[in-house]
Amino acid sequence: MIPKFPTTIVEAKIYQEGIAKKIILSDSFLKSSIVGAFDIAYKENTAFAAGVIYDCSTKSVIEEKVISDRVEFPYVPNYLFLREVPHFLTLLDRIVNIPDIMIIDGHGIAHPRTAGSASIFGIIANIPSIGVAKKPMKFFSYKETNQDNLDEVYLNQNRVGFRYKFEKKWNPIYISPGHKISFESSYNITKGLLTSKHKLPIPQQLAHLLAAKYKKTII
DNA sequence: GCGACAG
DNA sequence: ATCTTGTCGC
């Protein structure tokens with residue numbers, strides 16, 4: 001069941017503020033062995049959303065699903081959720097193995113209203129979620145940690161996530177809690193899925209490739 | 001008016 | 001995100 005979404009930026013801003021109040025930043029899951037990731041590729045006015053459900057204990061993919069759908073909203077900075085989250089929810093409806101944790105391509109609470117698309121997805125789907133983004137938002141500031149290659153991301157005076165560079169050769173990734181998960185688990189789970197082969201955590205990398213591949217199969 | 005801006 | 005081949009580097 002897909003809820004109604006705001007249709008204007010003004011409504012969306014109010015919606016984000018409402019979502020922000022509901023976010024839980026503590027671990028609300030019993031296990032985290034099944035991790036899913038969603039990503040979307042675009043071709044003109046069509047979105048190709050891909051989901052990969054990954055079993056961390058056996059290090060294997062247990063489910064893959066793709067859907068294509070009409071793009072309903074343009075990309076507007078800070079309002080990515082309007083463009084992407086509806087497709088994620090449609091995809092989730094088709095998925096059999098509901099994951100313990102979801103990785104969403106984009107930011108979680110690392111957002112001007114602490115309501116990035118990963119948080120909004122997490123609240124609506126009621127699934128613990130992590131936002132993993134490839135680019136920072138312009139107003140982030142950073143604070144070093146005692147760990148190499150790991151910085152805390154700050155927005156105003158608040159910690160909102162991490163900047164982490166797993167391998168020197170790549171740009172860093174930006175990890176922030178989405179919903180029903182702590183900062184520490186967001187970081188640990190994401191880090192546990194990184195390899196020296198790719199910049200992104202395994203399920204997210206696979207979802208990215210699957211979406212791109214699916215797009216290419218369509219004329 | 002111009003450039004920047006999660007994807 | 002997308003338009004795009006080979007190519008440099010790990």
Side-chain angles (χ1 to χ4, degrees), chain A residues 5-6 9 12-13 15-16 19-20 23 37-51 66-91 102-123 129-142 149 151 153-156 158 160-179 186 190 194-201 203-205 207-219:
Chain A
F5 273 76
I9 294 299
K13 185 172 183 177
Y15 184 83
Q16 287 172 329
I19 289 283
I23 293 171
F38 288 173
D39 193 17
I40 302 180
Y42 296 92
K43 170 93 174 184
E44 292 167 2
N45 226 19
T46 306
F48 300 88
V66 290
I67 60 156
S68 63
D69 209 351
R70 182 190 158 82
V71 172
E72 301 288 357
F73 212 89
Y75 169 65
V76 180
N78 301 339
Y79 299 92
L80 176 65
F81 85 99
L82 284 175
R83 182 173 170 84
E84 303 211 324
V85 172
H87 302 306
F88 292 152
L89 295 171
T90 301
L91 188 55
M102 277 294 315
I103 290 175
I104 296 294
D105 197 287
H107 293 296
I109 64 167
H111 177 279
R113 283 172 290 285
T114 65
S117 54
S119 295
I120 293 176
F121 172 82
I123 294 273
S129 61
I130 304 170
V132 177
K134 297 176 284 297
K135 290 181 185 173
M137 298 196 94
K138 55 184 291 186
F139 26 69
F140 286 174
S141 59
Y142 305 94
N149 302 321
D151 299 315
V153 174
Y154 277 77
L155 208 41
N156 304 316
N158 305 308
V160 292
F162 302 100
R163 173 173 68 182
Y164 183 59
K165 189 191 273 271
F166 185 64
E167 295 271 326
K168 288 285 183 189
K169 56 185 173 182
W170 297 320
N171 294 323
I173 58 174
Y174 300 80
I175 304 164
S176 58
H179 177 52
S186 300
T190 302
L194 294 173
T195 69
S196 56
K197 298 284 183 187
H198 305 284
K199 163 180 176 169
L200 297 171
Q204 188 178 8
Q205 172 70 20
H208 184 76
L209 292 175
L210 182 58
K213 186 175 147 193
Y214 179 42
K215 181 184 76 169
K216 287 186 72 175
T217 67
I218 305 300
I219 306 168

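Quick note on labels: first sequence line is chain A, next is B, and so on, each numbered from 1.
Between A:Lys215 and C:dT2, a side-chain N or O to OP1/OP2 separation shorter than 4.0 Å is present.
Residue contacts shown for A:Ala110 are absent, as no nucleic acid heavy atom lies under 4.0 Å away. Counting any heavy atom pair closer than 4.0 Å across all strands shown, A:Tyr79 reaches a base atom. At a threshold of 4.0 angstrom between heavy atoms, the contacts of A:Tyr75 include nucleobase atoms, whether or not backbone atoms are also involved. Contacts of A:Ser196 with the nucleic acid, taken as non-hydrogen atoms under 4.0 Å apart, are absent. If you check every strand for non-hydrogen atoms under 4.0 Å, A:Asn78 touches a base.
Position along DNA chain C of the nearest nucleotide to A:Lys169 versus A:Asp105 favours A:Asp105 as the more 5'-ward residue. Each of A:His208 and A:Glu167 has a nearest nucleotide on DNA chain C; the 5'-most of these lies closest to A:His208.
For the pair A:Tyr42 OH and B:dA6 P, the computed distance is 13 Å after rounding to whole Å. In this structure, the NZ atom of A:Lys43 is 12 Å from the C1' atom of C:dT4, given to the nearest Å. What separates CZ of A:Phe81 from P of C:dA1 is a distance of 20 Å, to the nearest Å. As a whole-Å value, the separation of A:Asp69 CG from C:dA1 P is 20 Å. The distance from atom CZ of A:Arg113 to atom P of B:dC5 is 17 Å, rounded to the nearest whole Å. Across the protein-nucleic acid pair, A:Ile120 atom CD1 and B:dG7 atom P stand 15 Å apart, rounded to whole Å. The interatomic distance linking A:His107 (NE2) with C:dA1 (P) rounds to 13 Å, in whole Å. When the C1' atom of C:dA1 is taken as reference, atom CD of A:Glu84 falls 8 Å away, rounded to whole Å.
The two atoms that bring A:Thr46 and A:Phe48 nearest to each other are CG2-CZ, 3.6 Å, heavy atoms only.
Side-chain proximity of A:Gln16 to the nucleotides B:dA6, C:dT2, B:dG7 is greatest for B:dA6. Picking from B:dA4, B:dA6, C:dA1 the nucleotide with the shortest atom distance to the side chain of A:Lys138 gives B:dA4.
For the pair A:Arg163 and A:Phe140, the cation-pi criterion (under 6.0 Å, within 45° of the ring axis) is not fulfilled.
More than 12 heavy atoms of other residues, nucleotides or ligands lie within 6.0 Å of NZ in A:Lys199, so this atom counts as buried by the packing criterion.
Aromatic ring pairs are classed by plane angle as parallel below 30°, tilted from 30° to 60° and perpendicular above 60°; the pair A:Phe121 and A:Phe88 is perpendicular.
No side-chain N or O of A:Gln204 forms a donor-acceptor pair with one of A:Asp39 less than 3.5 Å apart.
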